[in-house]
Amino acid sequence: TNMTNYQCRCFPGYTGEDCLWESFCSLNVSLKSAYHEKLCQNISSVITIHPKGSDDTITGGTGSPGVPYFGFGRAPKPFATISRAASVSESSDEILLYPGTYKGIKFCGNVIHDTDITVGSILGSSATIFDCANSERALTAINSKIKISGVTFKNAGYQPASHLMIYTSEIHGADLKFYDGAQFAC
């Protein structure tokens with residue numbers, strides 16, 4: 001049979017060529033909140049990060065959340081790190097963290113320079129964890145303004161062992177948890 005005239009459809013809430021990416025604007029009731037509804041209505045200003053995302057500029061992530069509904073369309077292409085997402089963000093963009101554990105040096109060591117960003121997780125600090133495995137600190141802010149919510153930080157590295165390093169910056173946080181290391185250093 002000639003299959004060239006057929007297209008596959010994904011289950012509701014999933015998208016992409018392989019139907020493996022769940023859209024954060026999916027029909028899944030567990031992902032719904034007023035904050036996420038606001039983002040889904042203005043999806044062009046959302047940049048996504050996922051533990052299986054990629055910062056590779058040639059074949060990897062674009063930060064795109066993909067289509068906000070099920071069916072045909074492009075797959076979400078989340079970045080892997082806050083640094084990469086911040087480097088392409090504009091002042092009105094929201095950086096959204098998919099739930100999961102961001103473990104190891106690949107996800108830590110984020111340095112944000114001269115940027116005003118908002119970073120939030122889909123499901124809050126119990127579902128979004130940065131575990132630096134005693135290798136790095138999660139985030140260093142230099143001359144920046146950062147709003148961050150819904151993240152657990154674990155196992156900070158470096159001396160002083162802090163999760164956040166702040167240089168001439170302003171950080172506002174909500175629903176943040178810190179384990180095995182100081183919260184921040186200035």
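None of the values given here were measured: they were computed from a predicted structure. Positions are given from 1, in the same order as the sequence printed here.
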**OP:** Drop me the distance from S125's OG to F130's CZ, to the nearest 0.5 angstrom.
**Re:** 12.5 Å
Subject >> From CA spacing to verdict: side chain to side chain contact (heavy atoms under 4.5 Å, CB included), F178, L164 >> reply: CA-CA 10 Å; F178 299 90; L164 308 174; 4.1 Å; yes
**OP:** Look up atom NZ in K106 and atom OG in S135, then write down how far apart they are to the nearest 0.5 Å.
**Re:** 13.5 Å
Original post:
What distance do N143 atom CG and S169 atom OG have between them, rounded to the nearest 0.5 Å?
Top reply: 6.0 Å
Original post:
To the nearest 0.5 Å, how far apart are CD1 in I82 and OG in S87?
Top reply: 12.0 Å
**OP:** Anything under 30° is parallel, anything over 60° is perpendicular, the rest tilted; go ahead and classify F107 against Y102.
**Re:** perpendicular
Original post:
With distance as the sole test, does T115 use its side chain to make a donor-acceptor pair with the main-chain N or O of H113 at under 3.5 Å?
Top reply: yes
**OP:** Could you tell me the separation between the OG1 atom of T152 and the NE2 atom of H163, rounded to the nearest 0.5 Å?
**Re:** 10.0 Å
**OP:** Taking all heavy atoms of G104 and all of A133, pick out the closest pair and write down the distance.
**Re:** CA-CB, 4.4 Å
Subject >> pair L96-I122: side-chain heavy atoms closer than 4.5 Å >> reply: yes
Original post:
Just checking, is any N or O donor in the side chain of D175 or S149 under 3.5 Å from an acceptor N or O on the other one?
Top reply: no
Original post:
Do the side chain of T128 and the main chain of S121 share a donor and acceptor less than 3.5 angstrom apart?
Top reply: no
Subject >> N/O donor-acceptor pair under 3.5 Å between S144 side chain and D116 backbone >> reply: no
**OP:** State whether the side chain of H172 and the backbone N or O of K145 hold a donor-acceptor pair below 3.5 Å, judged by distance alone.
**Re:** no
**OP:** Test L139 against every option in V151, I112, I166 by the side chain to side chain contact (heavy atoms under 4.5 Å, CB included) rule and name the one that passes.
**Re:** I112
Original post:
Under 3.5 Å, is there a donor-acceptor pair between the side chain of S83 and the main chain of V111?
Top reply: yes
Original post:
Measuring from K147:NZ to E170:CD, what's the distance to the nearest 0.5 Å?
Top reply: 9.0 Å
Subject >> Cluster check V46, V88: I/L/V/M/F/W/Y, side chain < 4.5 angstrom >> reply: yes
**OP:** Consider only side-chain heavy atoms of I, L, V, M, F, W and Y, link residues closer than 4.5 Å, and tell whether I117 and L97 are in one cluster.
**Re:** yes
**OP:** Establish whether I49 and I146 are linked, either directly or via other cluster members, by ILVMFWY side-chain heavy-atom contacts under 4.5 Å.
**Re:** yes
Original post:
Has the side chain of D55 got a donor or acceptor atom that lies under 3.5 Å from a matching backbone atom of R84?
Top reply: no
Original post:
Is it true that a side-chain atom of N155 and a backbone atom of N134 form a donor plus acceptor pair closer than 3.5 Å?
Top reply: no
Original post:
Is a donor on one side and an acceptor on the other found under 3.5 Å between the side chain of S54 and the backbone of F79?
Top reply: no
